[in-house]
A.B. asks: 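One structure follows; several queries about it will come next.
Being a predicted model, the structure only gives us computed values, none of them experimental.
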Amino acid sequence: MMIIMKANATPQQVEAVIEQVKLAGLNVHLSQGVEATIIGAVGETHNVPMERFERLDGVNLVQRITQPYKLASRQFHPEDSVISLDGLSIGGNEIAVIAGPCSVESRSQILETAQAVKEAGASALRGGVFKPRTSPYSFQGLGEEGLELLAEARELTGLPIVVEIMSQVQVDVMVKYVDVLQVGARNMQNFNLLRAIGATRTAVLLKRGLSATVEELLMSAEYILAGGNTRVMLCERGIRTFETSTRNTTDINAIPVLKNTTHLPVILDPSHSTGHANYVAAIARAGIAAGADGLIIEVHPDPAKAVSDGKQSLKPEQFAEMVYQTGQIAQIMGRRLATSRDFQLVKNGWA
Ligand code: PEP
Ligand code: MN
């Protein structure tokens with residue numbers, strides 16, 4: 001249920017309504033927008049009559065949220081959510097480009113990649129240290145040693161780091177190091193993990209499951225939001241279809257659908273959605289044209305030697321070209337890329 005306060009409602013009136021929501025046994029989620037203060041009353045609301053709140057002082061309107069996801073819905077939070085990461089804003093007018101290797105392999109590999117993606121205009125660095133591999137015999141990641149290396153790369157470049165978390169037992173070590181916790185496709189419905197992340201205040205990149213619907217993705221986001229962590233971004237990374245010419249099928253439709261149904265930023269991963277380096281730039285361009293708030297791209301200094309996902313990894317020069325192209329599309333959309341703080345547009349032929 002949403003209780004929309006009058007524009008001139010006083011803080012005391014807002015407090016009094018919150019008190020009543022709590023007395024009704026519901027959880028309070030306050031959203032103070034530019035237009036209005038909205039008090040979300042979340043929980044078993046079906047037995048609670050709307051009239052209970054309608055007559056309270058300062059209340060303009062009480063509405064039921066029709067979707068099964070409440071806090072994630074645009075109805076509850078009409079304005080776009082903007083996630084701030086140390087100078088970088090994701091979800092506003094600027095488009096974030098997160099780039100880096102599938103896996104952190106060595107000190108030289110991650111430092112070299114971090115420098116290269118920064119020079120090409122990336123706004124954040126990705127790298128996996130706990131890898132969800134299909135085979136138990138494949139490289140599983142460097143673990144905490146990899147986190148140390150990513151922290152060094154952040155120190156060197158100033159780029160915030162995005163790293164996949166696979167289990168709730170990793171929460172403590174991960175929040176010490178990372179700026180964004182990535183929840184991988186295979187863990188989208190690991191509800192214990194989602195709850196554990198909901199209890200942190202670290203930003204989250206929640207990837208869509210291999211065969212999850214948009215609504216299921218939003219219900220997973222709701223788990224994190226319900227825990228009080230509002231810093232959630234969603235990621236379309238391709239879904240399984242009958243088509244085999246690409247690793248997955250990019251559900252480009254999901255981008256405008258999500259932009260319409262939720263206020264959370266939407267990121268596209270054309271690396272995993274296509275599975276081929278040759279197709280990544282085309283789908284990245286399509287994603288920005290469709291309204292995505294950011295991209296996450298796999299980049300490796302020598303893709304042929306990558307221990308995971310080399311086939312879909314861009315070389316730094318291919319990545320630089322993709323950044324340039326998507327930057328042009330962003331301009332047509334009235335937006336701009338959020339390049340790293342000291343990125344030189346002139347040097348890269350942008351101005
Ligand atoms: C990854 O980002 O390297 C990854 C494993 O992605 P996904 O969970 O989308 O497969
Ligand atoms: Mn990968």
Side-chain angles (χ1 to χ4, degrees), residues 80 88-102 113 116-126 159 162 182 185 205 207-208 214 217 233-239 241 243 245-260 264-300 303 309-340 343-345 347-351:
D80 285 338
L88 171 67
S89 296
I90 306 184
N93 198 46
E94 293 193 338
I95 290 167
V97 183
I98 305 161
C102 180
T113 313
V117 299
K118 182 185 173 171
E119 270 170 37
S123 28
L125 177 67
R126 63 150 287 153
L159 298 179
V162 181
Q182 175 177 319
L205 181 71
K207 289 186 133 193
R208 181 177 181 182
V214 165
L217 171 63
M233 300 172 253
L234 304 171
C235 180
E236 164 59 37
R237 48 77 72 206
I239 49 174
T241 67
E243 182 53 69
S245 59
T246 49
R247 183 176 178 184
N248 292 292
T249 297
T250 312
D251 182 7
I252 208 84
N253 298 0
I255 297 170
V257 169
L258 284 167
K259 291 301 295 177
N260 189 38
L264 301 172
V266 179
I267 310 292
L268 176 66
D269 176 349
S271 305
H272 291 86
S273 80
T274 64
H276 289 269
N278 284 347
Y279 307 141
V280 169
I283 302 307
R285 296 193 302 265
I288 299 308
D293 299 301
L295 298 166
I296 179 163
I297 309 288
E298 287 188 339
V299 179
H300 194 284
D309 289 349
K311 215 166 105 186
Q312 67 197 33
S313 298
L314 299 185
K315 294 180 185 153
E317 58 272 23
Q318 292 172 312
F319 173 68
E321 193 180 348
M322 186 221 79
V323 173
Y324 176 75
Q325 293 172 346
T326 48
Q328 297 289 303
I329 307 239
Q331 276 185 25
I332 294 170
M333 304 296 297
R335 303 177 82 176
R336 61 185 296 277
L337 295 192
T339 51
S340 56
F343 177 66
Q344 292 169 12
L345 292 173
K347 180 179 145 213
N348 285 271
W350 283 44

A.B. asks: What is the distance from atom CG of L159 to atom CZ of R126, rounded to the nearest 0.5 Å?
C.D. replies: 14.0 Å
A.B. asks: Looking at D251, is its backbone amide N or carbonyl O close enough to the side chain of E236 to form a donor-acceptor pair, meaning the two atoms are under 3.5 Å apart?
C.D. replies: yes
A.B. asks: Using every non-hydrogen atom in the two residues, find where S273 and I283 come nearest and quote the distance to one decimal.
C.D. replies: OG-CG2, 4.2 Å
A.B. asks: If you compare all heavy atoms of D80 against all heavy atoms of G91, which two are closest, and at what distance to 0.1 Å?
C.D. replies: CB-O, 3.8 Å
A.B. asks: Let me confirm one number: the CD1-CG distance from I255 to D293, rounded to the nearest 0.5 Å.
C.D. replies: 9.5 Å
A.B. asks: Output yes when a side-chain donor or acceptor of S313 lies under 3.5 Å from a complementary backbone atom of P303, and no otherwise.
C.D. replies: no
A.B. asks: I'd like to know if the side chain of T250 and the backbone of I252 have a donor-acceptor N/O pair within less than 3.5 Å.
C.D. replies: no
A.B. asks: What closest approach, in Å, do V299 and T113 show between heavy atoms, and which atom pair accounts for it?
C.D. replies: O-CG2, 3.5 Å
A.B. asks: How long is the span from the CG atom in L234 to the CG atom in L268, to the nearest 0.5 Å?
C.D. replies: 12.5 Å
A.B. asks: Looking at I297, is its backbone amide N or carbonyl O close enough to the side chain of S271 to form a donor-acceptor pair, meaning the two atoms are under 3.5 Å apart?
C.D. replies: no
A.B. asks: When you measure from the side chain of D269 to the backbone N and O of C235, does any donor-acceptor pair fall under 3.5 Å?
C.D. replies: no
A.B. asks: Rounded to the nearest 0.5 Å, how far apart are NE2 of H276 and CZ of R247?
C.D. replies: 9.5 Å
A.B. asks: Could you tell me whether a side-chain N or O of Q312 sits under 3.5 Å from a main-chain N or O of D309, the two making a donor and an acceptor?
C.D. replies: no
A.B. asks: Under the 3.5 angstrom rule, does the side chain of R336 hit a backbone N or O of E94 as a donor-acceptor pair?
C.D. replies: no
A.B. asks: Please confirm whether the backbone N or O of M322 pairs with a side-chain atom of R285, one donor and one acceptor, at under 3.5 Å?
C.D. replies: no
A.B. asks: Heavy atoms only: give me the nearest Q325-A281 pair and the separation to one decimal.
C.D. replies: OE1-CB, 3.9 Å
A.B. asks: Identify the two heavy atoms, one from G100 and one from L125, that lie closest to each other, and give their separation to 0.1 Å.
C.D. replies: CA-CD1, 4.2 Å
A.B. asks: Check whether any side-chain N or O of N93 sits under 3.5 Å from a backbone N or O of R335 as a donor-acceptor pair, and report yes or no.
C.D. replies: no
A.B. asks: Of all heavy-atom pairs between P101 and H300, which one has the smallest distance, and what is that distance?
C.D. replies: CB-CD2, 4.4 Å
A.B. asks: Please identify which of these residues, L295, I329, V97, meets the side chain to side chain contact (heavy atoms under 4.5 Å, CB included) condition with L337.
C.D. replies: V97
A.B. asks: What's the separation between atom CD1 in I98 and atom CD in Q182, rounded to the nearest 0.5 Å?
C.D. replies: 8.0 Å
A.B. asks: Can you confirm whether K259 is buried at NZ, in the sense that more than 12 heavy atoms of other residues, nucleotides or ligands lie under 6.0 Å from that atom?
C.D. replies: yes
A.B. asks: If you measure from CD1 on I95 to CD1 on I288, what distance do you get to the nearest 0.5 Å?
C.D. replies: 4.0 Å
A.B. asks: Look at the side chain of Q318 and the backbone N and O of A320, then say whether any donor-acceptor pair between them is shorter than 3.5 Å.
C.D. replies: no
